[in-house]
Protein chains: 2
Amino acid sequence: MVPDDDGAFAPATEDAPSSSGFLDDGKNTIGSQLASRLREAIISGELQAGSKINLDKARKTFNVSLSPLREGLARLISDGLVEFEDNRGYRVSPISLANLEEITTLREEFEVFALRESMRLGDVEWEGNVMRALHRLNRTERDAARPETLERWEELHREFHLTLISGCGKPILLHFCRLLLNLNDRYRRVFLTRTSGDRNVSQEHSEIAQGAVARDLDYSCDMLRQHIHRTGTNLRKHLATKGIL
Amino acid sequence: MVPDDDGAFAPATEDAPSSSGFLDDGKNTIGSQLASRLREAIISGELQAGSKINLDKARKTFNVSLSPLREGLARLISDGLVEFEDNRGYRVSPISLANLEEITTLREEFEVFALRESMRLGDVEWEGNVMRALHRLNRTERDAARPETLERWEELHREFHLTLISGCGKPILLHFCRLLLNLNDRYRRVFLTRTSGDRNVSQEHSEIAQGAVARDLDYSCDMLRQHIHRTGTNLRKHLATKGIL
DNA sequence: CCTTGACAGATAATCGATTATTTTGATAGT
DNA sequence: ACTATCAAAATAATCGATTATCTGTCAAGG
């Protein structure tokens, strides 16, 4: 018997760390694979926000049948990246200033709460994971000229933020945070190819992580909140610049 | 009748006040209808927590084909009521002490936050809705001997809590709260047929609502937090009594 | 005994075709 | 011109059958 399953919202077995992939990495069914491909397509902006998803075209594009296509789309609904209406089909969730602002606010609220809980409850392994995630992130160059570096950086950045709060022992909360991070990343991927000049993001991450493993609750939480807030502000500016309502 | 969740994080399509329902209330496709029936079956405990959902049996029970069945189940995954694993199928999300405790904690955190935002941002219409929801709830008898009254009460209770926070102007947050309320209601439906003797729940609701429309932020939030906390404590006791691990 | 592997039955995933619903576009009446 | 109406086309939903995967059982070999 497995000791404990994590109730609702299990950690969604994320992609295996490329290196030691002897454990079957999920992604078995066509539906799953589609979900991944579509998720990437949406977050990267390849599929435009707000646009309708025509099932027939999608079916041909991906060379699959309706069933797995719907299956995949259904998962993206859980992720908040796709919306659905009976008899009207699916569409990519629209973006808006209000939506971005809500995401930022909720991240400040929940991610910070989750960090606090992690610091309160996290064990040594959690600390180790945080430091590793930080190191890997800071060692990765982010060159706007080479898209593949951006993609890699995004992945590690996401991983860092999730690791930071992974010690909180609250699967549902983690699920919510993962969701918000997804939603947020779409804005960054689409609107921010480079960091604003007046920020040293690496250092921000370091400060948060150092504070976290040192269990300096107030400091670390405050840093994280500011980090999230700054990103939100930057994104808002870029959204305005590129003329989104 | 409260229309069930609108798929993704839709901008809070205002629920039609039960009376004037001349507008087609959704529930069009078989998939949607199934989702509702299954949701009710799970929350009411008819489908036991943790149990496997055999597609073939379910297909026969409900007299439908696989496609809409999967469709319906997919929505319950978004609701956190069903879990899924590739090639292993679906199962009703298990319950546990840890799960209940997390739900309670998160409700205290999120729902209170949403209430505060509602008081900060809600307009007069919101106030009216709150008072109406309170009135309807308090006017409804809850008789453990007659299950239909319990069901009705649950519906109005859920409606009250959602209305209370409906003024916050944050669709994603509302979605999260609705989800948590769903998960929480399952515990209450299964384990609490009557209110603990030392509580006057009607009065608790009244105090919260009165404070809310009076914009007494600290008071109302405090009352709500205690309200949620007490329910959590009661449920925990009953869980223990009935011998759940 | 315990492990390993192969078979068979159960179950989930997918497909191609069919049915239902919505949208579009043309036509007739005011 | 403007709206209403209806048929045709586009699109979504569903079905029944087929294929793929998993799970349990049992026999052979260690």
Side-chain angles (χ1 to χ4, degrees), chain A residues 1-2 5 10 12-13 22-39 42 47-48 50-78 81-93, chain B residues 3-8 10 13 22-39 42 47-48 50-78 81-93:
Chain A
M1 184 63 122
V2 181
D5 66 74
T13 48
F22 50 88
L23 218 293
D24 186 341
D25 61 342
K27 316 260 174 138
N28 291 315
T29 69
I30 299 181
S32 291
Q33 296 171 264
L34 264 181
S36 297
R37 291 178 64 181
L38 286 168
R39 185 180 293 111
I42 291 174
L47 277 175
Q48 198 175 44
S51 65
K52 185 135 184 9
I53 298 174
N54 183 305
L55 289 177
D56 226 40
K57 283 178 196 158
R59 191 176 66 67
K60 281 162 189 159
T61 304
F62 292 105
N63 252 71
V64 295
S65 189
L66 272 303
S67 328
L69 183 54
R70 285 172 155 273
E71 197 79 30
L73 286 168
R75 302 203 197 170
L76 297 190
I77 293 175
S78 304
L81 292 172
V82 165
E83 295 182 356
F84 171 83
E85 200 178 351
D86 271 353
N87 290 318
R88 299 269 173 87
Y90 306 83
R91 76 172 50 246
V92 181
S93 295
Chain B
D4 47 34
D5 298 0
D6 19 58
T13 38
F22 50 87
L23 218 293
D24 186 340
D25 62 340
K27 315 263 177 131
N28 290 318
T29 70
I30 300 181
S32 292
Q33 295 171 264
L34 264 182
S36 298
R37 291 178 63 182
L38 286 168
R39 184 181 294 109
I42 291 173
L47 277 174
Q48 198 175 46
S51 65
K52 185 127 187 11
I53 298 174
N54 182 304
L55 290 177
D56 226 40
K57 283 179 197 158
R59 190 175 66 69
K60 282 161 188 160
T61 304
F62 292 105
N63 252 70
V64 295
S65 190
L66 272 304
S67 327
L69 183 54
R70 282 170 156 276
E71 196 80 32
L73 286 168
R75 302 203 197 170
L76 297 191
I77 293 175
S78 304
L81 293 172
V82 165
E83 296 182 358
F84 171 83
E85 200 178 351
D86 271 354
N87 290 318
R88 299 272 171 87
Y90 306 82
R91 75 171 50 244
V92 181
S93 296

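Within every chain, numbering begins at 1; the chains are lettered A, B, ... in the order of the sequence lines, protein sequences first and strands thereafter.
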Residue [X], side-chain atoms from C-beta onward, closest of [options]:
X: B:I30; options: D:dT14, D:dA12, C:dG16; result: D:dT14
X: B:V64; options: C:dC15, C:dA12, D:dC15; result: D:dC15
X: A:N54; options: C:dT14, D:dA12, D:dC15; result: D:dA12
X: A:L55; options: C:dA12, D:dG16, D:dA12; result: D:dA12

Residues at least two apart in sequence or cross-chain that pass side chain to side chain contact (heavy atoms under 4.5 Å, CB included) with B:L73, listed by chain then number, are B:L38, B:I53, B:L55, B:L69, B:V82, B:Y90
Excluding sequence neighbours, so at least two apart, what forms side chain to side chain contact (heavy atoms under 4.5 Å, CB included) with A:R91?
A:K52, A:E83
Using whole Å, what does the distance between atom [atom2] of nucleotide [N] and atom [atom1] of [X] come to?
X: B:F62; N: D:dC15; atom1: CZ; atom2: P; answer: 14 Å
X: A:E71; N: C:dT14; atom1: CD; atom2: P; answer: 7 Å
X: B:I77; N: C:dA12; atom1: CD1; atom2: C1'; answer: 13 Å
X: A:L66; N: D:dA10; atom1: CG; atom2: P; answer: 17 Å
X: B:R59; N: C:dT11; atom1: CZ; atom2: P; answer: 12 Å
X: A:L73; N: C:dT14; atom1: CG; atom2: P; answer: 13 Å
X: A:L69; N: C:dG16; atom1: CG; atom2: C1'; answer: 15 Å
X: A:Q33; N: C:dT14; atom1: CD; atom2: P; answer: 8 Å

Suppose we screen for salt bridge (Lys or Arg N to Asp or Glu O under 4.0 Å). Which residues come up paired with [X], at least two apart in sequence or across chains?
X: A:R88; result: A:E85
X: B:K60; result: B:D56
X: A:R37; result: none

Just by distance, do the side chain of B:T61 and the backbone of B:K57 share a donor-acceptor pair under 3.5 Å?
yes
Using a cutoff of under 3.5 Å, can you pull out all pairs of nitrogen or oxygen atoms linking the protein to nucleotides 21-23 of chain C, with atom names and distances?
unit_1, atom_1, unit_2, atom_2, d
C:dT21, O3', A:N87, ND2, 3.4
C:dT23, OP1, A:R88, NE, 3.2

Can you give me the closest heavy-atom contact between A:L76 and A:A35, atom names plus distance?
CD2-O, 3.8 Å
Once you apply a heavy-atom cut-off of 4.0 Å, does A:I53 come out as touching a base, just sugar-phosphate, or nothing?
sugar-phosphate
Do the side-chain N or O atoms of B:K52 get closer than 4.0 angstrom to the phosphate oxygens (OP1, OP2) of C:dA10?
no
